[in-house]
Amino acid sequence: DSEGFGPLFNRLFNTIQKRQMELEFAVAAAVRVPVHYIRLFAADPVPVYAFERWEELIQCGYEQARQKIELWPRQKRWWLF
């Protein structure tokens, strides 16, 4: 096969990750824990083994999460005054 091991590994990893996420959402729903999902993405595709870009990816994820969280409705909590 001319594609090599990379595409197979990516498909396998994505399948496992999707199944784990589905299970975690189901557990949260069963105990009525609200969950917010933020899909993070890099400007360019990044292989899962590209550890040399960790700082850039963490900063990118932080900014994306911050922007999404700002859009969430504020809820008054009974333990906050």
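Not measured: the values here are computed from a predicted model. Computation of the quantities below employed the complete heavy-atom set of this structure, encompassing side-chain atoms and omitting hydrogens, waters and symmetry-equivalent molecules.
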Specify the closest pair of heavy atoms between A42 and C60, including all atoms of both residues, with the distance to one decimal. CA-SG, 4.4 Å
Are I58 and I38 linked, directly or through intermediate hydrophobic residues, by side-chain heavy-atom contacts shorter than 4.5 Å (ILVMFWY only)? no
Only distances under 3.5 Å count here; give the side-chain donor-acceptor pairs of residues 9-35 to other protein atoms, sequence neighbours excluded, each with its distance to 0.1 Å.
residue	atom	partner	partner atom	Å
N14	ND2	N10	O	3.2
T15	OG1	R11	O	2.9
Q20	NE2	E24	OE2	3.0

How would you list, by chain and number, every residue that makes a side-chain hydrogen bond (donor to acceptor under 3.5 Å, both in side chains) with E70, sequence neighbours excluded? R66
Distance in Å, K68 NZ paired with Y37 OH, rounded so as to fall on 0.5 Å steps: 11.0 Å
Is there a continuous path of hydrophobic side-chain contacts, each under 4.5 Å between heavy atoms, that joins Y49 to L8? yes
For a quick test of reading the model, state the closest non-hydrogen atom pair linking H36 to W72 and the distance between them. CB-CZ2, 3.1 Å
Minimal non-hydrogen separation, Q64 against R39, with atom names: OE1-O, 3.8 Å
Is it true that, when you exclude W54 itself, more than 12 heavy atoms of the residues, nucleotides or ligands shown sit nearer than 6.0 Å to its CH2? no
Could you walk me through whether L57 and F51 pass the side-chain contact (heavy atoms from CB on, under 4.5 Å) test, one step at a time? CA-CA 9 Å; L57 295 173; F51 299 112; over 6 Å; no
Under the side-chain contact (heavy atoms from CB on, under 4.5 Å) rule, collect the residues that match up with E56, sequence neighbours excluded. R53
